[in-house]
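In what follows, a single structure is set out as structure tokens and then discussed.
Below, chains carry the letters A, B, ... as their sequence lines are ordered, and counting in each starts from 1.
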Amino acid sequence: MAFWKPGTVAPGISVDREAEKETSENLVTFVDHGSNLSIQQQRKILPIFKSRDQILYLVEQYQTTIIVGQTGCGKSTQLPQYLHEAGWTANGRIVACTQPRRVAAITVADRVASEMNVKLGKEVGYSIRFEECYDPNLTSIKYMTDGMLFRETFLDPLLTQYSVIMIDEAHERSLYTDLLLGILKKIQKKRPELRLIISSATLDAEAFYEFFNTNTANDSSKDNVSIISLEGRMFPVDVHYLEEPCQDYVETAIQTAFDIHVKEPPGDILIFLTGRDEIDHAVGEIFQRATTLPRSAMKINPLPIYAGLPSEQQLEIFEQTPQNTRKVVVATNIAEASITIEGIVYVIDCGFVKLRAYNPKTGMESLTVVPISKSSAQQRAGRAGRIMPGKAYRLYTEDSFYRLRDASIPEIQRNNLAQVVLQLKALGIDNVLRFDFMTPPPAELMIRALELLYSLKALDDYGRLTMPLGMQLAEFPVDPMLGKILLDSYKFQCAEEMLTIAAMISVQNVFVTPSNPSTEFEDEKRKFAVEEGDHITSLNVFKAFITRGKKSARWCHQRYLNFRALSRALSIREQLKKYLERFDVPIESCGNDTVKIRKCLVSGYFAHAAKMQSDGSFRSVRDNVELHVHPSSVLFTRNAPWVIFHEVVSTTKSYMRELTVIDPAWLTELAPHFYEIRKTSLPAH
DNA sequence: GAGCACTGC
């Protein structure tokens with residue numbers, strides 16, 4: 001990049017470019033201007049430094065402090081250090097800072113360790129799934145995913161080793177953030193000395209304030225919560241709206257990109273669309289139309305980015321743009337918070353997002369395109385203001401912007417809560433319907449979860465956790481139905497197989513589907529396919545990856561397999577195996593006895609059974625709802641009278657994903673109680 | 001008969 005505002009962050013010379021590429025985190029980019037500012041001097045020129053003493057005062061005076069600060073103000077890196085310097089980590093106590101994402105936890109910890117000139121994993125550490133990098137005797141500042149801190153409450157319900165807990169990115173309202181908010185409020189009652197810092201980038205501070213304020217007197221000076229706003233470090237972004245709504249936002253986005261390309265000064269473009277189809281189409285069109293640009297004009301280079309893309313292609317968006325070329329990144333929501341791309345000056349926002357929601361009435365999930373929230377729109381626009389003043393083009397009218405909801409619906413209000421209910425019960429919270437959530441989930445979600453847990457025998461007639469089954473399912477880091485097949489595997493001598501199946505189901509995008517699927521792709525896929533269905537096909541893929549493929553990326557690439565996904569499955573499998581060993585479940589293999597494997601699947605997935613109809617579609621056994629085989633299933637091209645499935649996702653139709661052929665007799669043999677539950681009333685909760 | 005937003009334990 002040839003241009004940047006002198007005296008500000010230059011895109012090419014930041015010392016942590018590698019880290020910045022991978023995280024949304026508010027890392028502050030330090031620039032070596034040739035002067036010799038020490039790290040400590042650099043810390044003092046951050047905007048947050050002006051508020052240092054005030055923040056420390058508030059944390060001391062109030063049980064909870066809400067910090068509102070834009071991206072780039074340095075709160076994630078500086079606040080824990082201020083608290084450490086002020087003595088909050090004396091006597092072996094720890095300051096924790098949670099992040100919704102793994103990479104963020106690592107990169108911020110790494111940054112802080114280098115600022116403090118200590119080795120990562122010593123005074124400063126992090127804790128994320130599969131990776132604990134801290135020293136229990138030495139670490140005083142600990143960055144962690146919110147899910148990991150939640151898990152720590154199983155071992156130490158009052159989180160006694162922490163003096164201050166900072167919940168970062170709280171505005172995102174991830175499932176575990178919300179669980180932690182409720183639990184921390186409970187802990188504060190028993191540990192009044194515990195300090196909480198809730199950090200949010202948006203204007204929902206009032207809601208956090210109301211939630212944590214326990215002062216019932218009519219005198220606000222006795223409130224135990226305080227709020228402070230910090231100035232950000234962003235450049236201004238000029239927002240443009242359409243005067244009239246557009247018919248086709250993909251086409252409008254393409255045209256807008258070319259308008260910018262022709263009329264505006266250099267700077268890369270980021271387009272937000274909703275899914276892979278739209279992205280592939282837009283990238284193709286931009287590529288085509290670029291050939292009509294005059295030869296003298298600046299070149300244009302469109303690049304796709306979404307989670308399902310293999311790593312090699314994902315990394316292309318981070319490569320330096322060649323001279324005289326403008327990069328156009330076409331992205332899903334992954335670029336809203338998970339990935340930060342340097343050099344973006346223009347943002348085009350279609351105003352929609354693809355969102356997964358769980359319907360408690362049917363137990364089915366839907367994946368639909370819905371309008372974004374105002375805070376999402378602001379976050380997207382902000383992506384244009386990281387290196388210099390930018391512009392955001394919203395492909396909707398200003399009027400429709402004001403009609404958007406303020407914030408997205410928190411995950412806890414639109415998720416399957418089976419695992420959540422189980423975990424709350426394991427923490428001794430018996431009446432989950434009365435748990436103090438910041439925004440309580442609809443009762444139907446809770447009741448559906450309770451019903452499923454009862455049918456799995458994780459809860460007894462009184463709604464209490466069963467021992468040991470219920471307790472073990474609560475501890476397992478997988479969905480309860482998946483946990484059930486692991487714990488029941490001893491009955492069929494197939495724990496080895498179930499571990500692989502559970503790990504493979506826990507990762508997505510094992511096959512890399514090319515944008516125009518070739519026969520070669522179908523042929524490669526068929527080599528692993530078996531008539532019993534997708535679970536055993538996954539088992540074959542994983543076995544081949546470990547033995548013939550020697551866990552190599554090249555081997556995966558040649559077979560259209562996602563190396564990243566398979567490596568992750570390997571880690572998950574190892575972790576699940578440790579749990580089974582602890583639960584004293586014998587780790588045996590049934591060899592190639594697919595009847596045993598499939599019966600074991602039925603023992604957990606009996607509620608997800610479907611019968612084929614004469615027209616080739618299916619009906620669920622439980623609710624008689626019409627279902628279809630997802631085209632990615634190996635059963636898409638085969639006939640199977642009875643199946644069980646992992647999940648249903650409704651898009652254009654209700655598609656079952658991950659299917660296995662079963663004998664209907666197994667349903668009554670392995671789950672006779674399930675059909676009884678519908679005749680009798682539900683147990684008391 | 002033809003399709004899969006994004007995280008996390």
| Closest nucleotide of DNA chain B for A:Lys354 versus for A:Pro477: which of these residues is on the 5' side? | A:Lys354

| field | Selection from B:dA5, B:dG3, B:dC6 that lies nearest to any side-chain heavy atom of A:Leu367 | value | B:dA5

| query | Could you give the CZ-to-C1' distance, from A:Phe636 to B:dG1, as a whole number of Å? | reply | 5 Å

| request: May I ask you to say whether A:Glu524 pairs ionically with A:Lys527, meaning some side-chain N is under 4.0 Å from a carboxylate O? | output: yes

| Taking the side chain of A:Ile334 as heavy atoms from C-beta outward, which of B:dG1, B:dC9, B:dT7 is closest to it? | B:dT7

| field | Qualifying salt bridge (charged side-chain N to carboxylate O under 4.0 Å, His left out) pairs, either residue in residues 143-159 of chain A, two or more places apart | value | A:Lys142-A:Glu152

| Selected nucleotide, minimal atom distance to A:Ser632 side chain, candidates B:dG3, B:dC6, B:dA5 | B:dG3

| request: For the side chain of A:Arg356, starting at C-beta, report the closest nucleotide among B:dA2, B:dA5, B:dC9. | output: B:dA5

| request: Round to a whole Å and report the spacing from CG of A:Asp479 to C1' of B:dG8. | output: 13 Å

| query | Using the ring of each side chain (for Trp, its six-membered ring), is A:Tyr605 parallel, tilted or perpendicular to A:His608, with breaks at 30° and 60°? | reply | tilted

| said: Under the side-chain contact (heavy atoms from CB on, under 4.5 Å) test against A:Phe435, which residue among A:Val421, A:Val420, A:Leu424 passes? | reply: A:Leu424

| message | Which nucleotide wins on minimum distance to the side chain of A:Gln508, given the candidates B:dC9, B:dG3, B:dT7? | response | B:dT7

| query | Could you give the CZ-to-P distance, from A:Phe521 to B:dG3, as a whole number of Å? | reply | 15 Å

| note | To the nearest angstrom, the CZ-P distance between A:Arg276 and B:dA2 comes to 18 Å

| query | Can you tell me how far C1' of B:dC6 sits from CD of A:Glu169, to the nearest Å? | reply | 15 Å

| query | Stepwise, does the side-chain hydrogen bond (donor to acceptor under 3.5 Å, both in side chains) test hold for A:Tyr176 with A:Glu411? | reply | CA-CA 9 Å; A:Tyr176 287 111; A:Glu411 224 183 324; over 6 Å; no

| request: Give the nucleotide from the list B:dG3, B:dC9, B:dT7 with an atom nearest to the side chain of A:Arg151. | output: B:dC9

| query | Among B:dG3, B:dT7, B:dA2, which nucleotide sits nearest the side chain of A:Ala307? | reply | B:dT7

| request: Would you mind classifying the nucleic acid contact of A:Gln575 as base, sugar-phosphate or nothing, using non-hydrogen atoms under 4.0 angstrom? | output: nothing

| note | Taken in chain and number order and not counting sequence neighbours, the residues that satisfy side chain to side chain contact (heavy atoms under 4.5 Å, CB included) with A:Val370 are A:Val353, A:Leu355, A:Thr368

| task | For B:dG3, take OP1 and OP2 only and decide whether either is under 4.0 Å from a side-chain N or O of A:Tyr655. | result | yes

| query | Rounded to the Å, how far apart are A:Asp178 CG and B:dC9 P? | reply | 17 Å

| said: Using whole Å, what does the distance between atom P of nucleotide B:dC9 and atom CZ of A:Arg573 come to? | reply: 20 Å

| message | Just the rounded figure in Å: distance from C1' of B:dG3 to NE2 of A:His281. | response | 17 Å

| request: Ignoring backbone atoms, test whether A:Arg657 places a side-chain nitrogen or oxygen under 4.0 Å from the OP1 or OP2 oxygen of B:dG3. | output: no

| For B:dC9, does either OP1 or OP2 sit under 4.0 Å from a side-chain N or O belonging to A:Thr145? | yes

| query | Under 4.0 Å between a side-chain N/O of A:Thr332 and OP1 or OP2 of B:dC6, yes or no? | reply | yes

| Of the nucleotides B:dG3, B:dA2, B:dT7, which one has an atom closest to the side chain of A:Lys653? | B:dA2

